[in-house]
Amino acid sequence: MAQIWLKDRVDSAFITQTVCLDDVTIRFEIWDTAGQERYHTLAPMYYRNAQAAIIVYDITNQDTFGRAKSWVKELQRMAPPNIVIALAGNKADLPTSRRCVEYSEGEAYAEENGLLFMETSAKTAMNVNEIFVEIAKKLPKKEVNNGQGGRRLVETAEAPKTSNCCK
Amino acid sequence: MINVNNMSEISMNVSPSASTSSFKSMENVVNSSTEEASHTTSILEDIPNEFLEHDNHTDPISTPSHESEELSGELRQLMNKNNQLPDIPTPLEDKYIEDSLSEIKINSDDNFWLTEDWQRKERHIFILSSSGKPVYSRYGCEDKLATLFGVMQALVSFVQDTDEDRIQSIKAGDLYFSFLPKGYLVVVSVCQHHHSDQTLLQQQLLYIYNQIISTLTLSQLTKIFDQHRNFDLRRLLSGSERLIHTLVEFTETEVDFVLASYRCLTLSSSIRDQISHVLSSAVSKVKNLVFIILIGADRIISYLHMKKYNLRPMDIHLILNLVRSSESFKTGEIWTPLCLPQFDASGYLYSHVSYLADDCAACLLMLTVDKNLFFTLSEAKQVITEKLRRAKLLDEINTALSSSHSLLTSSLNITSLRHFVYKCKQTSQLICPQYEAPYVANSNFGSASIQSR
């Protein structure tokens with residue numbers, strides 16, 4: 001599944017992916033989008049009929065954690081009421097010296113707001129599959145039995161990599 | 001329009017005292033840095049002294065002093081050796097030069113723009129807001145160039161304020177500065193050669209400006225700067241620097257840019273008609289679809305448009321650039337807002353972008369004004385791929401793609417014909433064979449073709 005988790009996404013892509021959970025196959029229809037302003041006008045399309053959302057921030061950048069929180073608020077306001085929201089602290093493969101958002105900080109915020117929480121690494125694929133499985137478990141039973149999946153919105157709230165401008 | 005033709009004129013007529021002095025001080029620093037470089041590479045007698053000098057500096061990055069002493073001891077020995085055999089560099093000597101160069105590099109990391117390497121780049125491109133905020137620099141982090149951006153802003157606004165005119169270029173020594181102040185943005189290029197065609201330089205700047213409009217739309221750009229003159233535009237452009245990079249390269253290397261035309265993938269007309277027919281029949285019932293473009297190997301395979309609307313070459317170049325620089329299009333279907341400045345600078349078209357199939361690297365774009373059309377277009381795309389596959393047209397496209405760069409002048413059997421470019425004015429399409437000797441030795445086709453015109 002790691003291949004669908006793209007770095008530096010600046011557009012919005014629609015991807016389908018299947019995950020096996022016990023005996024059930026779940027087909028995820030995924031909107032993978034960056035948090036840029038110009039995609040905001042498309043947001044209603046992402047929310048419509050969405051059953052799950054993953055909001056991603058960068059654990060080495062406090063600012064992205066703040067932006068992730070505002071996306072959580074927006075989703076709670078705009079998205080269907082039963083949506084499953086997961087919060088993912090990405091770049092967990094980086095050395096602890098680079099970390100700016102503590103695990104406990106992310107976890108506490110997730111608990112307060114009833115979100116799934118995991119730290120992930122898109123680079124090493126750590127917890128990427130797991131977070132989808134966790135979401136699948138939380139989806140309404142009936143839907144799972146029907147083999148229907150949720151539509152995901154990913155907000156890659158990662159800061160632009162410094163390498164882009166400092167080469 | 002103003003063309004300022006030498007440096008002394010700038011200081012006398014155009015620039016206020018502040019920017020004159022910063023130009024001067026920059027020159028001084030430049031001189032000193034080149035002196036430093038020549039010291040380290042050529043005059044070996046000075047080496048130990050230079051290391052001692054470095055030791056006196058309280059620079060946290062420089063090596064601990066005892067190590068330096070050891071090293072300079074070694075170097076003294078080395079120097080003696082070299083005095084005997086001055087022409088044969090030993091490996092140790094190379095190592096020393098490398099060490100000292102890297103030290104300079106570390107010390108001047110923040111001042112990379114003072115390095116000769118940076119200053120000697122063939123063509124610099126800068127983008128700034130009209131209030132002087134850095135937006136983009138082709139080489140190096142634009143944040144560190146605040147002073148330079150300040151000078152550029154001063155030059156532009158001085159001409160604007162005093163003469164209600166627009167500064168276009170400055171020639172100074174070997175350097176040629178081109179300016180495009182447009183709305184709230186200023187695009188600047190600095191070239192080493194002044195034989196560059198001025199019209200083309202201005203056109204290049206316009207392309208870069210339009211690339212930004214293509215990401216943001218003119219109306220959004222104007223609205224933002226109307227509200228906050230000091231807005232840091234990079235916040236909205238993050239991730240699209242790559243598009244500017246590839247576009248600049250395109251404008252420097254491709255004759256398509258010079259002739260304002262685009263290339264088509266070589267296909268027999270009946271095959272192309274069949275492909276176009278498949279495309280149009282699949283979307284015949286879709287409303288608000290304005291353009292359909294099929295692209296392969298950087299060339300147009302098929303292009304369909306609403307009767308009333310047509311795309312100009314510059315917009316097509318921006319679309320080609322988008323496809324060229326977006327690897328991520330190969331995964332899944334993309335739905336992205338895209339502004340085509342010559343078509344309509346004030347709004348977005350919504351684009352469904354996807355590759356036809358895993359086994360066919362042709363990229364299909366469907367552009368609509370309706371932002372809710374994604375799933376309709378997604379279905380249409382499935383139909384298109386299926387129909388093309390069934391009619392064996394995917395194979396035809398693949399064959400054409402694999403031989404897309406194989407047209408050779410020599411295959412035409414015209415004696416002493418070296419190369420040609422043919423442009424059909426009516427359609428703005430061009431055909432041109434691959435470069436062959438003697439042109440292949442020169443990597444910069446852009447300038448070669450400009451000169452030969």
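Quick note on labels: first sequence line is chain A, next is B, and so on, each numbered from 1. It should be emphasised that the depicted structure is a prediction, and the values quoted were computed from it without experimental measurement.
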Inset, instruction - May I ask you to check whether over 12 heavy atoms, not counting those of A/Glu111, lie within 6.0 Å of atom CD? - result: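 At most 12 heavy atoms, drawn from other residues, nucleotides or ligands, come within 6.0 Å of this atom.
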Inset, instruction - Could you tell me whether B/Asp358 atom CG has more than 12 heavy atoms of other residues or ligands within 6.0 Å of it? - result: no
Legend entry - With sequence neighbours excluded, residues passing side chain to side chain donor-acceptor pair (under 3.5 Å) with A/Lys123: none
Legend entry - Donor-acceptor pair, side chain of A/Ser12 and main chain of B/Trp335, under 3.5 angstrom: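 Between the backbone of B/Trp335 and the side chain of A/Ser12 there is a qualifying donor-acceptor contact (under 3.5 Å).
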Inset, instruction - Might you point out which heavy atoms bring B/Lys371 and A/Met45 nearest each other, and give the distance in Å? - result: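 B/Lys371 and A/Met45 have their closest heavy atoms at O-SD, 3.8 Å.
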Inset, instruction - Work out which heavy atom in B/Gly332 is nearest to a heavy atom in A/Ile15; give both atom names and the distance. - result: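 Scanning both residues completely, I find the closest heavy atoms to be CA-CG1, 4.3 Å.
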Inset, instruction - Using side chain to side chain contact (heavy atoms under 4.5 Å, CB included) as the criterion, list what pairs up with B/Lys121, not counting sequence neighbours. - result: B/Asp117, B/His124, B/Tyr139
Inset, instruction - Kindly indicate whether the side chain of B/Thr336, heavy atoms from C-beta on, has any atom under 4.5 Å from the side chain of A/Tyr39. - result: yes
Legend entry - chain A contact via B/Thr215 - side chain, backbone, both or neither, heavy atoms under 4.5 Å: both
Inset, instruction - Under 4.5 Å heavy-atom distance to chain A, tell me which part of B/Tyr136 shows up: side chain, backbone, both or neither. - result: neither
Legend entry - Check: B/Phe374 ring centre within less than 6.0 Å of A/Trp31 ring centre: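 Between A/Trp31 and B/Phe374, which both carry aromatic rings, the centre distance is below 6.0 Å.
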